[in-house]
Amino acid sequence: MRSAGAAPSAADRPSWGALGVLLAGIFITTLDFFIVNVAIPSVQLGLHAGPAAVQFVVAGFGLAYAAGLITGGRLGDLHGRRRMFRVGLGVFTVASAACGLAPTPGVLIAARVLQGLGAALLSPQVLAILNVVYTGRHRTAAFNAFGLAMGFGGVFGQLIGGVLIQADIAGLGWRSIFLINVPIGVLAMALAGRLVPESGASGGARLDLTGTVLVSLGLVAIVLPLVQGQQQGWPLWTWLCLAAAVPLLAGFVLHQRRTGDRGGSPLVDLAMFRQRAFSAGVAIGLVYALTTASFFLVLALYLQQGHGLSALGSGLVFLPLGLGYFVSSSKAGQVAARLGRQVLAAGGLIVAVGYLILAVTAEEIGATGAVAWLVPGLLIAGAGMGLVMAPLPATVLAGVRQEHAAAASGVLNAAQQAGGAIGVALVGVVFYRTLGSLGGLAGAFSISELVLAGIGVAVACLVQLLPKAATG
């Protein structure tokens, strides 16, 4: 009988079918994080939803997702990663059906929160299972495929949403963006039981409930004001929440240390942070995440409000970005074999170059020129994204003990979610404050791209903190 968390032997190593099942789960959860943005006008019209309700349709998923990632990862380590993947996928699938059938804004918000919790439970298991059951070149290929699936869900979310809404399948309109998850989720749950091996289930350890409450409240205290602050004009409560996050997270770290010193089972093993590959890798993941959601946001605003494109039209403009991402992420393993950790630095610098080109291009074409001029910058930015996103998870998890693989994955994912929220808030402030003074939407987009390019350079600098053999 295999010990808890041990990798499968050659005899029971999973087929590549297992990878397909896992990637289906991560694809639909990533897709739903981005796809809802294009459906907002239709949701407002169909459910007579007000601005506040619409904000929470978007934010409810992200809040629940960010707050539950670390706990979801630890549950996989304790009770079995395949089991928690299937439970999380089941919750996500049921919640997707509820979203698609929601009769009121309140029901839709509640279902979106439930979707986020399901995603938080299944997402950390995917990276952990890949990290445990694949080795050598197979592991590199599996992580590259993970980066590809996750990137496609983010990059093409707007396009897929626009196509579904435009097609108006069976008269469902916006509801189809949620209901399409149901057959995928049901099929993936059924196949997971047959194709994905179990790992984790470490003895009689119990979930650290105090740690769960502290870290969940701390993450909500960071993400909620950052998501809502810009639209509400940064009222007092947003600053109070951000201030409260400091003692909550400090208390969480202190509690984890004491629990570990007493021989208990902490939610996060702080010894992981003594490994430079993990601590520096999480920092890189957080800083890089400042650029992704914020870039998608300002690009969509520039295309739709500046150039007057529809959601489908602006989604089509994302195609060059996806092409660059696809090509580079599919080759990222080969590049990493030659460059080691510097593949991440190269990705950060290439992203920065792409953003700089977009900044200059936007200044030249304004809001009336042909958007085709954006293609070179989008191709280059997408290529840089693929060189960061594909190798990063393997870098962060390389030295983590197998019994903590899902918890470590949860920490990385939580850092990226927090980074995404911070990036949207930071770049959103830059975008809206320059909107009226620097050539309208084109000028605001251009300045935002310069900020994002600087963050790309910062990623390349942080990579130098990694040990030389971190990537591979």
Side-chain angles (χ1 to χ4, degrees), residues 2 5-31 73 76-77 80-82 84-86 88-89 122-154 188 191-200 277-278 281 285 325-341 343-344 347 385-410 412-413 416 469-472:
R2 198 167 65 241
S9 66
D12 61 357
R13 182 163 292 136
S15 69
W16 291 109
L19 180 63
V21 172
L22 295 169
L23 296 188
I26 203 67
F27 176 77
I28 59 174
T29 53
T30 305
L31 182 69
D77 290 333
R81 295 168 193 136
R82 181 183 65 186
M84 290 301 107
F85 173 82
R86 296 182 75 195
L89 189 56
L122 79 87
S123 293
Q125 319 311 331
V126 175
L127 276 177
I129 293 170
L130 297 184
N131 193 52
V132 168
V133 302
Y134 292 103
T135 58
R137 61 185 179 85
H138 297 302
R139 183 172 178 271
T140 300
F143 274 105
N144 285 342
F146 171 87
L148 193 62
M150 196 169 183
F152 266 38
L191 291 176
R194 297 176 54 191
L195 298 176
V196 179
E198 186 59 281
S199 62
F278 182 78
Y325 184 91
F326 173 78
V327 172
S328 68
S329 60
S330 63
K331 301 293 184 182
Q334 298 174 29
V335 178
R338 297 181 61 184
L339 298 182
R341 61 178 180 166
V343 65
L344 300 172
M385 290 177 184
L387 291 179
V388 176
M389 290 184 66
L392 182 61
T395 300
V396 176
L397 299 178
V400 173
R401 288 189 300 172
Q402 290 180 357
E403 62 266 31
H404 295 291
S409 173
L412 173 61
N413 285 329
Q416 291 175 315
T471 307

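Everything quoted here is computed from the prediction, not taken from an experiment.
Side chain of Arg82 to main chain of Val196: a donor-acceptor pair is present (N/O by atom type, distance under 3.5 Å, no hydrogens or angles). Looking at Asn413, its side chain does come within 3.5 Å of a backbone N or O of Ser409 through a donor-acceptor pair. Using a distance-only test at 3.5 Å, with no hydrogens or angles considered, a donor-acceptor pair links the side chain of Ser330 to the main chain of Val327.
Across all non-hydrogen atoms, the minimal contact from Leu397 to Ala408 is CD2-CB, 3.7 Å. Nearest approach of Ala142 to Tyr134, heavy atoms of both residues: CB-CD1, 3.9 Å. Residues Ile26 and Thr30 approach most closely at O-OG1, 2.8 Å, considering heavy atoms. Here the closest heavy-atom approach between residue Leu344 and residue Val388 is recorded as CD2-O, 3.5 Å. The heavy-atom pair separating Arg86 from Ala192 by the smallest distance is CG-CB, 3.8 Å. When all heavy atoms are compared, the tightest approach of Ala332 to Ala390 is CB-CB, 3.8 Å.
Distance check: Phe152 CZ to Tyr325 OH gives 8.5 Å after rounding to the nearest 0.5 Å. How far CZ of Phe278 is from OG1 of Thr395: 12.5 Å, rounded to the nearest 0.5 Å. Here the straight-line distance linking atom CG of Leu148 with atom OG of Ser328 works out to 9.0 Å at 0.5 Å rounding. Atom CG of residue Leu31 and atom CE of residue Met150 lie 12.0 Å apart, to the nearest 0.5 angstrom. Atom CZ of Phe143 is separated from atom CE of Met389 by 13.5 Å, given to the nearest 0.5 angstrom. In this structure, Asn144 CG and Gln334 CD are separated by 9.0 Å, a value rounded to the nearest 0.5 Å.
Using a 4.5 Å cut-off on side-chain heavy atoms (C-beta onward), Leu89 and Thr29 make no contact. When side chains are defined from C-beta on, Val133 does not count as touching Arg81, because their heavy atoms never get closer than 4.5 Å.
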